[in-house]
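Below is one structure; the comments refer to it alone.
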Amino acid sequence: MMKRLFFTLAVAASTTALADAPKKGGDATIEQGRRVFEAHCSSCHGAGIGNPGAQFRTGTDALRVKYKGEMPALLTERTDLTPDTVAYFVRNGVSVMAPYRKTEIDGAQLAALGAYLSQHNPDLKGTKGKQRGRK
């Protein structure tokens, strides 16, 4: 009886994990990246004061001041981000942003986040969120 329960739970857990796993470079990766962004990043880097009815977002508003309109403050609107740039800032932090540990955002989640935030980069079109020359 206990073996059957354990087996059922193990199958259910693996089925859920497979359903959430991103397909390489496809829409599922972008969707997983969006979910990672919403869970870990949007509280600071989501829409901020500049958007009607939105709450204050420290990261977005700091970037708005820093770039003075020369570059989008919203990370989701940037066209210059690459997966490596995203990974660097997530793992190392910057200014008041603390670094995220691998136990908080694992490697697959970080890759999906990088694909999501770099999806508008024209230099990466056709590379499915990966930098050119990388596998």
Side-chain angles (χ1 to χ4, degrees):
M1 178 74 168
M2 193 61 122
K3 276 186 174 181
R4 180 173 284 165
L5 176 63
F6 178 78
F7 178 76
T8 303
L9 291 173
V11 169
S14 66
T15 302
T16 301
L18 287 174
D20 288 341
K23 293 181 177 77
K24 285 192 175 183
D27 292 337
T29 300
I30 300 298
E31 176 56 24
Q32 182 186 22
R34 185 196 63 75
R35 289 193 312 263
V36 172
F37 182 85
E38 291 299 321
H40 294 282
C41 312
S42 67
S43 62
C44 292
H45 291 287
I49 288 176
N51 297 312
Q55 298 177 351
F56 180 74
R57 302 288 194 236
T58 56
T60 299
D61 292 322
L63 292 174
R64 186 175 288 115
V65 170
K66 178 180 179 177
Y67 295 132
K68 299 175 184 167
E70 294 177 14
M71 198 175 263
L74 285 171
L75 296 180
T76 55
E77 294 178 358
R78 298 274 294 269
T79 59
D80 64 321
L81 295 176
T82 66
D84 283 346
T85 302
V86 172
Y88 176 83
F89 285 108
V90 168
R91 289 290 184 238
N92 295 290
V94 62
S95 184
V96 297
M97 178 183 153
Y100 278 79
R101 297 179 298 248
K102 291 177 184 179
T103 55
E104 296 169 308
I105 297 177
D106 67 28
Q109 292 170 318
L110 185 56
L113 178 63
Y116 173 66
L117 290 177
S118 65
Q119 68 181 319
H120 302 299
N121 185 329
D123 294 335
L124 299 179
K125 293 293 181 195
T127 62
K128 308 234 188 253
K130 296 178 182 178
Q131 288 212 28
R132 293 179 183 213
R134 294 195 152 208
K135 295 184 180 184

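All figures in this text were calculated on a predicted structure; none of them were measured in a lab.
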Worksheet item: Which atom pair, heavy atoms only, marks the closest approach of Asp123 to Asn121?
Response: N-OD1, 2.8 Å
Worksheet item: Is a donor on one side and an acceptor on the other found under 3.5 Å between the side chain of Ser118 and the backbone of Thr82?
Response: no
Worksheet, complete the sentence: Applying salt bridge (charged side-chain N to carboxylate O under 4.0 Å, His left out) to Glu31 and not counting sequence neighbours gives Arg34, Arg35
Fill in: OH/Tyr88: more than 12 non-hydrogen atoms of other groups inside 6.0 Å
no
Discussion item. Can you tell me how far apart NZ (Lys66) and CG (Asp61) are? Round to the nearest 0.5 Å.
Written reply: 14.5 Å
Worksheet item: Which pair of heavy atoms, one from Thr29 and one from Ala112, lies closest together, and at what distance?
Response: O-CB, 3.5 Å
Can you give me every donor-acceptor pair (side chain of residues 72-79, partner residue at least two apart or in another chain, under 3.5 Å) with its distance?
| unit_1 | atom_1 | unit_2 | atom_2 | d |
| --- | --- | --- | --- | --- |
| Arg78 | NE | Asp80 | OD1 | 2.8 |
| Arg78 | NH2 | Asp80 | OD1 | 3.4 |
| Arg78 | NH2 | Asp80 | OD2 | 3.0 |

Worksheet item: Does the side chain of Pro83 reach to within under 4.5 Å of the side chain of Leu110, using non-hydrogen atoms?
Response: no
Practice prompt. Could you tell me whether the side chain of Tyr116 reaches within less than 4.5 Å of the side chain of Val36, counting heavy atoms only?
Written response: no
Worksheet item: Step by step, would you call Arg101 with Arg91 a side chain to side chain contact (heavy atoms under 4.5 Å, CB included)?
Response: CA-CA 7 Å; Arg101 297 179 298 248; Arg91 289 290 184 238; 5.8 Å; no
Could you tabulate the donor-acceptor pairs under 3.5 Å formed by side-chain atoms of residues 93-100, not counting sequence neighbours?
| unit_1 | atom_1 | unit_2 | atom_2 | d |
| --- | --- | --- | --- | --- |
| Tyr100 | OH | His40 | O | 2.9 |

Fill in: Heavy-atom side-chain contact between Leu63 and His45 under 4.5 Å
yes
Item to complete: Kindly compute the distance separating CG (Leu117) from SG (Cys41), expressed to the nearest 0.5 Å.
Response: 6.5 Å
Worksheet item: Partners of Asp106 by side-chain contact (heavy atoms from CB on, under 4.5 Å), sequence neighbours excluded?
Response: Ala108, Gln109
